[in-house]
Number of protein chains: 2
Amino acid sequence: MDESRTVSALVAEAAVHLTPAERRVAEAVIDDPKLVAFGTVAQLAARSSTSGPTVLRFAGRLGFVGFVDLQAFVREQIADQLRPATERIRERPATDVVARTLTTDLDNVRTTLEGVDEAAFAATVGVLADRQRSVYVLAGEDSRGVGVVLATQLDLLRDRVTLIEGSSVRVSRQIAEIAPGDVVVAVDHRRYERWLLEAARRAVSAGAVLVAVSDSALSPLAEAAARVFVAGVRGVGPFDSHAGAFALVHALVAGVAAKLRRRAVGRLDAVEAAWRDGGDLVDHSPPKDERR
Amino acid sequence: MDESRTVSALVAEAAVHLTPAERRVAEAVIDDPKLVAFGTVAQLAARSSTSGPTVLRFAGRLGFVGFVDLQAFVREQIADQLRPATERIRERPATDVVARTLTTDLDNVRTTLEGVDEAAFAATVGVLADRQRSVYVLAGEDSRGVGVVLATQLDLLRDRVTLIEGSSVRVSRQIAEIAPGDVVVAVDHRRYERWLLEAARRAVSAGAVLVAVSDSALSPLAEAAARVFVAGVRGVGPFDSHAGAFALVHALVAGVAAKLRRRAVGRLDAVEAAWRDGGDLVDHSPPKDERR
DNA sequence: TCCTCCACGGAACATACGTTACAGTAGAGC
DNA sequence: GCTCTACTGTAACGTATGTTCCGTGGAGGA
């Protein structure tokens, strides 16, 4: 058995061939691997509302001979995880892209969020949660993904959120709508896009509050901004990483949601109801939903 | 029993009152705690060159009633260590959104990348780097940001990359173009979007290689997929986090870039030259450029 | 030298565990 | 409607495991 494979991967691979009862076992295993590491066949059967034999058949379906074999596999994995991270990393080849990405993006997330200025964060959340102000999200080509997430999630919490994109004509028209007091969140990395810088400056002169998410406190974007957040963007490949910027957006949106809780809940429920009534979503709900 | 105490501390405290044989058991326990977590009385006795009853007396000496009690204690400790930082920390007030996001997203990135199956990763990078195959990126509404990043960056490395989005008519038309051997990367979380699932299934029956990036190995998206990657998506606010999924995209893109280095460099240079000539970019290079 | 105490392990025991055989059941195909 | 197949839980079985009881051996003291 290849030790590099995680039990989730094995389950995923065999998922198609599982019977309904076996699938319930699989869900229990994924949900709480400790149950198979420390538990017994009977406990796993009870947790998944099945029977002993079904658990055994599940183990067999994954390629193990009996429950003890599966258990040994999971225990080995856990033992691996217990060893210090440094020791574990040394084992993987230095050329391993996944390992390098892991350390790099952990760094990016940490530096991004640890570098957040409390006052700036509170102030930014404040204006973003102010329903009197329109919100515009400006993102460079590289950072469009981050901008999309920010705009999409904010839009679910409040109205008057616009993602500015498209042709320069359309951008200009949208910029023209900006009123004093509105909020513009601009996301871009080096090398900065000229149109975005100009748009940001025009927004400022129109009286907007400019919030910059950039890769440097010295970026041209930061110069014009009232609030600046610096994202760690070091990448392992030829491109910058956006993991740090995503984490920042995550925090901002959570802050806004907390501030708007009363209002946002109703809005979210309405959106969800619409989706549900339209049958657009597939729940495929596990029996135990631990979601908040 | 005070749960905060480690088993080593308990042993040290009781060490004075231990008989010689019991001391050998203590040494074995300290040397390899996994032996008591996963092993049996007989194994621990053999390892310490003692007998079953001595192991039992040792456990009693530490204040436990029987071996199972000692074992439960050690297992509890291990479970604590495995638990993600977000849960371990929950006793603390953690009113600070930024701090909560930090621990949560570090967890998300770590679980996502540590859960990556090496073989699946290599295979996925392989097909994504195969210039004979067209690549299509399918993303749910929630995950559109991640999809955008993946499509954008891949498009800079190779041609024939398409982000499938828009009205259902347009989606259908794009799906129709999929040929056997093409690659479809589908990104979605619970609750899964119906159109996306159907599109993915149609792609599979058209002969495409489906790569799923989802929040569970048992998601309906994963069922049809040839390769599955599970992203940690735990969010601090009402929405899922995309930091983990993005880190995975980061790794995938870096892997493809490494594989295509020769070809990609030329392509990147050409794109960059076009931007530069058009005057679209502002360098504003900081004094120290750490870029490779 | 004999007695006493205590550490220690062998052996017996009850239990719980993994495993297997089997029967009941629901659904698909004809 | 009938048969066959696939799925699933009940019950029985053999074994390994934790635990207890008791005998052995050796050290210290009278």
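Small disclaimer: the values here were computed from a predicted structure and weren't measured. FYI, side chains are in, hydrogens and waters are out, and symmetry mates aren't considered; it's all heavy atoms of this structure. Naming convention: chains lettered A, B, ... in sequence-line order (proteins, then strands); numbering from 1 in each chain.
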* Asked: Is there any salt bridge (Lys or Arg N to Asp or Glu O under 4.0 Å) pair reaching into residues 119-131 of chain B, and which pairs are they, with sequence neighbours excluded?
  -> B/D130-B/R133
* Quick one: which residue pairs count as a side chain to side chain donor-acceptor pair (under 3.5 Å) with a foot in residues 195-211 of chain B, not counting sequence neighbours? => B/E193-B/W195
* Check side-chain contact (heavy atoms from CB on, under 4.5 Å) between A/A247 and all other residues, then give those that pass, not counting sequence neighbours. => A/V109, A/L113, B/D105
* Asked: Got a sec, which residues hit side-chain contact (heavy atoms from CB on, under 4.5 Å) with B/S49, two or more places apart in sequence or on another chain?
  -> B/R24
* To do: Heavy atoms of chain A, cut-off under 4.0 Å: which first and last nucleotide of DNA chain D, 5' to 3', fall inside that, if you could look?
  => D/dC7 to D/dT10
* Pair listing, ring-ring contact (aromatic ring centres under 6.0 Å, His included) test, anchored in residues 106-140 of chain B, at least two apart -> none
* To do: Quantify the bending of the helix from C/dT1-D/dA30 to C/dC30-D/dG1 as the angle between its end axes, each fitted on five pairs, to 10°.
  => 10°
* Under 4.0 Å protein heavy-atom contact, by nucleotide of nucleotides 7-26 of chain C - B base, S sugar-phosphate only -> SBBB------SSBB------
* Taking ring pair (Phe, Tyr, Trp, His ring centres under 6.0 Å) as the test, write out the residues that go with B/F67, two or more places apart. => none
* **With A/E272 via side-chain contact (heavy atoms from CB on, under 4.5 Å) - residues at least two apart** => A/R276, B/R191
* Run the salt-bridge test on A/E27 and A/R47 with the 4.0 Å N-O cut-off and return the result as yes or no. => no
* Does any pair with a residue in residues 213-236 of chain B pass ring-ring contact (aromatic ring centres under 6.0 Å, His included), and if so which ones, sequence neighbours excluded? -> none
* Can you name the side-chain contact (heavy atoms from CB on, under 4.5 Å) partners of B/A226, sequence neighbours left out? -> B/V209
